[in-house]
Amino acid sequence: QAQLVESGGGLVQPGGSLRLSCVASGSIFNINNIRWYRQASGKQRELVAWISRGGTTDYLDSVKGRFTISRDNAKNTVDLQMNSLKPEDTAVYYCNADIQSTRSSAPRSSWGQGTQVTVSA
C-alpha cells in the first residue's frame, strides 16, 4: 500500500510564498492524476489544483496565476508553489493521488495527512 506525506506548510504573511511538497512511498507501480485539495475551518474541502501524469494541469479559479503545480514522476513527488498568498488561502492542504500498486491492480485514491497553511499578518 502506498502512502502520501505532505510537507512545507506554515505561517506566512499576506503576499508571501510557500512551497508544499508531497511524496509517495510504498508499493507504487504507477501514479496517475495527483491533486491538491484544501479545507478551511468550517468549510468544505475544495480542489485547488491537479496534474496528470503527462503534465496537464488545471487550477481553482481563485488561485490561477498564483499557484503552480508540478511533479517529478521519477521521484514520485508533487509540489505546489504558492505565491501572492492571501488570508483566504488559509486552510489545511491535502495531497491526493490515484496510485496503482502493481501492474495488474486498479488505481486507488490515496490521501496524505494534510499540512496547515496560515496566511496572516
Extract all donor-acceptor atom pairs below 3.5 Å that involve side chains of residues 77-86 and protein atoms in other chains or at least two apart in sequence.
from	atom 1	to	atom 2	distance (Å)
Asp79	OD1	Ser21	OG	2.8
Asp79	OD2	Arg19	NE	3.4
Asp79	OD2	Arg19	NH2	3.2
Gln81	OE1	Arg19	NH1	2.9
Gln81	NE2	Asn83	OD1	2.8
Asn83	OD1	Ser17	OG	2.9

Between Ile31 and Ala24 the two heavy atoms that sit nearest each other are CD1-CB, 3.8 Å
Of all heavy-atom pairs linking Ser62 and Arg38, the shortest is OG-NH2, 3.7 Å
message: In the structure I gave you, are the side-chain heavy atoms of Ser120 and Leu11 within less than 4.5 Å of one another anywhere?
response: yes
Of all heavy-atom pairs linking Val48 and Tyr93, the shortest is CG2-CE2, 4.3 Å
- Task: Would you mind reporting whether Cys95 and Ile34 have side-chain heavy atoms less than 4.5 Å apart?
- Result: yes
Run Thr118 and Val12 through side chain to side chain contact (heavy atoms under 4.5 Å, CB included) and show every step you take.
CA-CA 6 Å; Thr118 302; Val12 64; over 6 Å; no
- Query: What do the steps show when you test Asp89 against Arg66 for side chain to side chain contact (heavy atoms under 4.5 Å, CB included), and what is the final call?
  - Reply: CA-CA 11 Å; Asp89 294 319; Arg66 300 189 297 122; 2.8 Å; yes
Correct closest heavy-atom pair for Thr102 and Ser105 would be N-OG, 2.9 Å
Those residues at least two apart in sequence (or on a different chain) that pass side chain to side chain contact (heavy atoms under 4.5 Å, CB included) with Arg45 are Tyr37, Gln39, Tyr94, Trp111
To the nearest 0.5 Å, atom OG of Ser110 lies from atom CG of Leu4 at 5.5 Å
Discussion item. Determine whether a donor-acceptor pair (N or O, by modelled atom type, separation under 3.5 Å) exists between the side chain of Gln13 and the backbone of Ala121.
Written reply: no
Interatomic distance, OG1@Thr57 vs CZ@Phe67, rounded to 0.5 Å, equals 14.0 Å
Rounded to the nearest 0.5 angstrom, the CD1-CD1 distance for Ile51 and Ile69 is 5.5 Å
Closest non-hydrogen contact found for Val23 with Lys75 is CG2-O, 4.4 Å
We want to know whether Ser109 and Asn96 form a side-chain donor-acceptor pair, criterion being a heavy-atom distance below 3.5 angstrom. yes
Any side-chain heavy-atom pair of Ile99 and Phe29 under 4.5 Å:
no
Query - Flag, side chain of Ser101 to backbone of Ser27, donor-acceptor distance under 3.5 Å - result: yes
Q) Got more than 12 heavy atoms from elsewhere within 6.0 Å of CD, Glu88? A) yes
Check your understanding: After noting the C-alpha distance and the side-chain angles of Leu20 and Glu6, does the key distance pass the side chain to side chain contact (heavy atoms under 4.5 Å, CB included) rule?
Key -> CA-CA 7 Å; Leu20 305 184; Glu6 302 100 333; over 6 Å; no
One should read off an interatomic distance between Thr115 OG1 and Trp36 CH2, to the nearest 0.5 angstrom, of 7.5 Å
Has Gln116 got a side-chain atom pairing as donor or acceptor with Gly9's backbone, closer than 3.5 angstrom?
no
message = Please determine whether residues Tyr59 and Val119 belong to a single hydrophobic cluster, defined as Ile, Leu, Val, Met, Phe, Trp and Tyr linked transitively by side-chain heavy-atom distances below 4.5 Å.
response = yes
*Using distance alone, with no hydrogens and no angle criterion, decide if Arg53 and Asn30 have a side-chain donor and acceptor under 3.5 Å apart.*
yes
query: Does Ser52 use its side chain to pair, donor to acceptor, with the backbone of Asn33 at less than 3.5 Å?
result: no
**Request:** Give the C-alpha distance, both sets of side-chain angles, the deciding distance and a yes or no for side chain to side chain contact (heavy atoms under 4.5 Å, CB included) between Arg71 and Asn73.
**Result:** CA-CA 6 Å; Arg71 65 187 287 173; Asn73 291 331; 2.6 Å; yes
